[in-house]
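The structure appears below as structure tokens.
Reminder, nothing fancy here: chain letters follow the sequence lines and each chain counts from 1.
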Amino acid sequence: MAADGLSKLTEQPVEFIKDGAAFVQKYHCYISTEPVLTIDPTEYLKIIRAVGVGFIMMGVVGYAIKLIHIPIRYLIV
Amino acid sequence: MSFRLIDLAKPFGSILPEIEGPYTQLNFDEKVVYTMASAIIYILAQLPLAGVSQSAFAASADPIYWLRPIFAAERGTLLEFGVFPIISTGLILQLLASLRLIRVNFTVRSERELFQNLQKIFALFQYFALTNLFLLSGYFGTGLSLVQVILINVQIFLAGGFFTLISEVIDKGYGFGSGALTFTAVNVATNFVGDVIGINSIETAPEVYEKQGALANLISGLGSKGIFTAIWESFTRTHLPNLIIVLICIAIVLACVYLQNLRYDLSIRSNKARGVSSQYPIKLLYTGALPLVFSFVLLFYINVIAYVTVVGIFNNDSEQLAVKILGHYTANGSNFSIDNLSLFGLFSPASSLIGSLLSPIRTIVFSLFVVYTSVKFAQVWSVTQGSGPRDIAAQFKEQGVTIYGVRDVSIAKYLKDQIPTAAVTGALCLAGLSIAGEFLGTNGRASGIVVAVGVSFSFLEIIASDYQQSGGSQNFGQIFGGF
């Protein structure tokens, strides 16, 4: 019983990795014109910049608000 | 007629406040304003709890410090538990509904409303329960008077209820995406900026003040301590964020954006017009960062149970057998963690790289737990929620579109093969990224950043599509369009 459970436990990840690998390979059967897992380097840089700028903008505004808290804390506590 | 869980919400229907959805589609600028205003209110509301003496707080330590970033919870403030109750009820109830453990007929308006009210009640109940469990365990100090207890309860409960409603405002179409996750993203970004350039000083030892930000600390140290000591300390300090953690966080942002960008393009063609073909992208992170959030919801519950049993019931007495088995909390600065090999200790990451290397069993069990729960969640969620394989297949059929090399009849089956696999592989990658971060000792920052980048990325997608539709005619659209 225990061994059964254990083998199930080890089987699942192996099966899972197989599935993942098959997912990447399978496409070559269906479409042979271009690589399937795509990422465009220029687009990537553009998105990195957009996400980075957005992230830092959010953070700076948030941090500025948090700085206001310091005097408020002194007043309250 | 059998009992149904959503009927629990019936008597509360008339007293629960509800947000009315917008009558017309809001334009882009209005949405930006609503989202930003909600986020700013969230940050502003991080006021210290009244009724708790600061010395009592300084004496007790924080058992959930590494779970805080992902749920935007700030210790000792009105948002002591952040948006955890909102996120956890949302995820768990929807998961139960989609597994048909709760029977809800989403096509009927009244049932949808009941389900929504049930979510609200559960969220509020969790705020109440968490506050009182922590009160009983002595988290807010011992020997509190009745007035103090009531005051703490009222504050956390009201703040929680208020933000349940605010996040509903965003969810219902006044803002972008999910409300609670927006708060997480903004809070993570705020803390990240604070960790890098934070110029506020924190007392690390009696009469010793250090800057919160790693970079700010380095610069102020250069003047006062000499170059080499300053650089060495800015990379190695343990009680506050150091430059290594900042670099790890930046690396995680880059990796996360990379993963977000990965997609499988299905070549599709139209049945009606010959020779017209295009790509239908299936994102690798089909379920976004939700699987990781779900894993952390489970970890949060486990750690609250651990804290309440070990500290609340057994008084954290290391002599007792139960504490030896379950785990003994040790204070490390203001962090409270189980560092010996024990049952509950397995469900938290070590607080540093050395710690992770010294306790391999803990690292492995923790990693397996996160990976397993993430992957299972992604598998279920991708099939049952929103645009599942069947919906996409129906959409294809309606538009007269087929996938190259797949017969019309088997499109649904084909997508059913592909989408969960993409979702599961994506969830595995994200879980791996977050575990790697925790392994290096970022204390929850890594997971917070993974979720925050996921949310920022979905903002970006919405902004990009809105920008295309409105042609950049709107004010904020023009600003964002510049990037």
Let's test your reading of the structure: which of [options] forms the most heavy-atom pairs below 4.5 Å with chain A?
options                        : result
B:I199, B:I197, B:V186, B:V188 : B:I199
B:L254, B:I40, B:V253          : B:L254
B:L44, B:V371, B:N187          : B:L44

Which portion of [X] sits near chain A, non-hydrogen atoms under 4.5 angstrom:
X      : value
B:E461 : neither
B:I250 : neither
B:I403 : neither
B:S201 : neither
B:Q379 : neither

Run the side-chain donor-acceptor check on residues 449-460 of chain B: report pairs under 3.5 Å with partners two or more places apart or on a different chain.
residue: B:S456; atom: OG; partner: B:A452; partner atom: O; Å: 2.7
residue: B:S458; atom: OG; partner: B:V455; partner atom: O; Å: 2.7

Judged by modelled atom types alone, do B:N200 and A:Y63 share a side-chain donor-acceptor pair under 3.5 Å?
yes

Could you check B:T190 against A:M58 for side-chain contact (heavy atoms from CB on, under 4.5 Å), going step by step and ending with a plain yes or no?
CA-CA 7 Å; B:T190 300; A:M58 280 197 298; over 6 Å; no

Aromatic plane relationship, A:Y44 with B:Y258 - under 30° parallel, 30 to 60° tilted, over 60° perpendicular
perpendicular

Restricting to salt bridge (Lys or Arg N to Asp or Glu O under 4.0 Å), what partner residues turn up for B:K416, sequence neighbours left out?
none

Return yes if some donor-acceptor pair links the side-chain N/O of B:E74 with the main-chain N/O of B:L79 below 3.5 Å, else return no.
no

